Visitor: 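Attaching a single structure in structure tokens format; questions to follow.
Everything numeric in this text was worked out from a predicted model, so none of it was measured.
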Amino acid sequence: MRGVIVLDAGPVGLITNPKLSAQSVACAQWLQTHLTSGSRVIIPEIVDYEIRRELLRAKKTKGIARLDDLTKLIEYLPIRTVAMGQAAQLWAQARQQGQPTAGDKTIDADMILVAQAMTLGVPDVVIATTNVGHLSRFIAAELWQNIAPS
């Protein structure tokens, strides 16, 4: 088990989805197991934004309510200036290396997510995601199902 679990949009979308698919139920149970075992689980503001904007667009009030409940249940990480500076540096670095994580005109929420996790200042942090892909180039990232409680 890692010291801190930072949630990506994939798991948050599953946890807050009012349609209880097998995967969303499993993800909610996974979160509850971590919380019960004392894991530090964080929802970054950029992830709240990613999920919330789509729920608002689609007028999914139950999903919004579930997201609001989640942000009260677990630690919420506001976006800080230092994280945005780090995100800009990561964004530029990825492009300089020819490995961008999103289009040049996008805000690239993944870089903000990575930066938020990096600027926590804890050595043992992992991003719980549904798509490890390019996140793992910058920080520890694992499929949420593969992160066992302590």
Visitor: Could you give the distance from NZ (Lys62) to NZ (Lys19), rounded to the nearest 0.5 Å?
Guide: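 Output value for this atom pair is 10.0 Å.
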Visitor: Hydrophobic cluster membership, with links at side-chain heavy-atom distances under 4.5 Å among I/L/V/M/F/W/Y: are Leu73 and Leu14 in one?
Guide: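 Yes, one cluster joins them.
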Visitor: Under 3.5 Å, is there a donor-acceptor pair between the side chain of Thr129 and the main chain of Asn131?
Guide: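 Confirmed, Thr129 side chain pairs with Asn131 backbone.
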Visitor: Hydrophobic cluster membership, with links at side-chain heavy-atom distances under 4.5 Å among I/L/V/M/F/W/Y: are Phe138 and Val132 in one?
Guide: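 No: no chain of side-chain contacts under 4.5 Å links Phe138 to Val132.
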Visitor: Show me the pairs that pass side chain to side chain donor-acceptor pair (under 3.5 Å) and involve residues 71-83, at least two apart or across chains.
Guide: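 As it turns out, the side chain to side chain donor-acceptor pair (under 3.5 Å) pairs with a partner in residues 71-83, which skip direct neighbours, are Arg40-Glu75.
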Visitor: Let's go through Val4 and Val126 carefully: what are the C-alpha distance in whole Å and the side-chain angles of both, what is the deciding distance for side chain to side chain contact (heavy atoms under 4.5 Å, CB included) to 0.1 Å, and is it a yes or a no?
Guide: CA-CA 6 Å; Val4 177; Val126 63; over 6 Å; no
Visitor: Identify the heavy atoms of Val6 and Ala117 that sit nearest to each other, and give their distance.
Guide: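 The pair with the smallest heavy-atom distance is CG2-CB, 4.1 Å.
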Visitor: When hydrophobic residues are tied together by side-chain contacts of less than 4.5 Å, even through go-betweens, does Ile79 share a cluster with Val122?
Guide: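 Yes, Ile79 connects to Val122 through the hydrophobic network.
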Visitor: Quick one: does Thr119's side chain have a donor or acceptor within less than 3.5 Å of a partner on Ala115's backbone?
Guide: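 Yes; at least one donor-acceptor contact below 3.5 Å.
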Visitor: Could you identify which residues cluster with Leu20, counting Ile, Leu, Val, Met, Phe, Trp and Tyr as linked when any side-chain heavy atoms lie under 4.5 Å apart, either directly or through a chain of such contacts?
Guide: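 Val25, all in the cluster of Leu20.
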Visitor: With the side chain counted from C-beta on, respond yes when Leu77 and Ile43 share a heavy-atom pair under 4.5 Å apart, and no when they do not.
Guide: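 The answer is no, as the side chains (C-beta and beyond) never meet within the 4.5 Å cut-off.
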Visitor: Any chance you could measure Ile5, atom CD1, to Ile147, atom CD1, to the nearest 0.5 Å?
Guide: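 Separation between the atoms: 5.5 Å.
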Visitor: As an exercise, state the distance from CD of Gln145 to CD of Gln23, rounded to the nearest 0.5 Å.
Guide: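 Output value for this atom pair is 6.0 Å.
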Visitor: So if you build clusters from Ile, Leu, Val, Met, Phe, Trp, Tyr with side-chain heavy-atom gaps below 4.5 Å, do Val82 and Val47 land together?
Guide: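 Different clusters.
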Visitor: How long is the gap from CD on Glu142 to CG on Leu135, to the nearest 0.5 Å?
Guide: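 With rounding to 0.5 Å, CD (Glu142) is 12.0 Å from CG (Leu135).
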Visitor: Of the non-hydrogen atoms in Ala141 and Ser136, which two are nearest, and what is the gap between them?
Guide: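 Heavy atoms only, the tightest pair is CB-N, 4.1 Å.
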Visitor: Could you report the tightest heavy-atom contact between Glu50 and Ala9, atom names first, then the distance?
Guide: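 The pair with the smallest heavy-atom distance is OE1-CB, 3.7 Å.
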Visitor: Mark yes or no for whether Gln86, through its side chain, and Met118, through its backbone, hold a donor-acceptor pair below 3.5 Å.
Guide: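 No; judged by distance alone, with no hydrogens or angles, the pair does not exist.
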Visitor: Would the distance check show the side chain of Gln116 and the main-chain N or O of Pro44 forming a donor-acceptor pair, the cut-off being under 3.5 Å?
Guide: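 Answer holds: no.
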Visitor: Examine distances only and state if a side-chain atom of Trp91 and a backbone atom of Asp108 form a donor-acceptor pair shorter than 3.5 Å.
Guide: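 Side chain of Trp91 to backbone of Asp108, a donor-acceptor pair under 3.5 Å: no, none is there.
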Visitor: Considering all heavy atoms of both residues, which atom of Trp144 and which atom of Trp30 are nearest to each other, and what is their separation?
Guide: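 Taking Trp144 first and Trp30 second, the nearest heavy atoms are O-NE1, 2.8 Å.
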Visitor: With Arg52, which residues qualify under side-chain hydrogen bond (donor to acceptor under 3.5 Å, both in side chains), at least two apart?
Guide: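 Partners of Arg52 by the side-chain hydrogen bond (donor to acceptor under 3.5 Å, both in side chains) criterion, ordered by chain and then number, come out as Asp48, Asp68.
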Visitor: With rounding to the nearest 0.5 angstrom, report the CG to CG distance, Asp110 to Asp8.
Guide: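 It comes to 6.0 Å.
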Visitor: Could you pull out the closest heavy-atom pair between Ile139 and Val125, with the gap in Å?
Guide: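 Nearest heavy atoms, Ile139 then Val125: CD1-CG1, 3.9 Å.
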Visitor: Report the C-alpha separation of Ile74 and Ile42 in whole Å, then their side-chain angles, then the decisive distance to 0.1 Å, and conclude whether the side chain to side chain contact (heavy atoms under 4.5 Å, CB included) test is met.
Guide: CA-CA 6 Å; Ile74 65 174; Ile42 299 173; over 6 Å; no
Visitor: Which atoms form the tightest heavy-atom contact between Ile15 and Arg66, and what is the distance?
Guide: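 Between these two residues, the closest heavy atoms are O-NH2, 2.9 Å.
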Visitor: Which distance, rounded to the nearest 0.5 Å, do you find between the CG of Asp69 and the CD1 of Ile64?
Guide: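 Between atom CG of Asp69 and atom CD1 of Ile64 there are 12.0 Å.
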Visitor: Under 4.5 Å between side-chain heavy atoms, hopping through other hydrophobics if needed: is there a path connecting Leu7 to Leu35?
Guide: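 Result: yes, single cluster for both.
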Visitor: Take Gln29 and Thr33, measure what side-chain hydrogen bond (donor to acceptor under 3.5 Å, both in side chains) needs, and give me the verdict at the end.
Guide: CA-CA 6 Å; Gln29 289 173 340; Thr33 300; over 6 Å; no
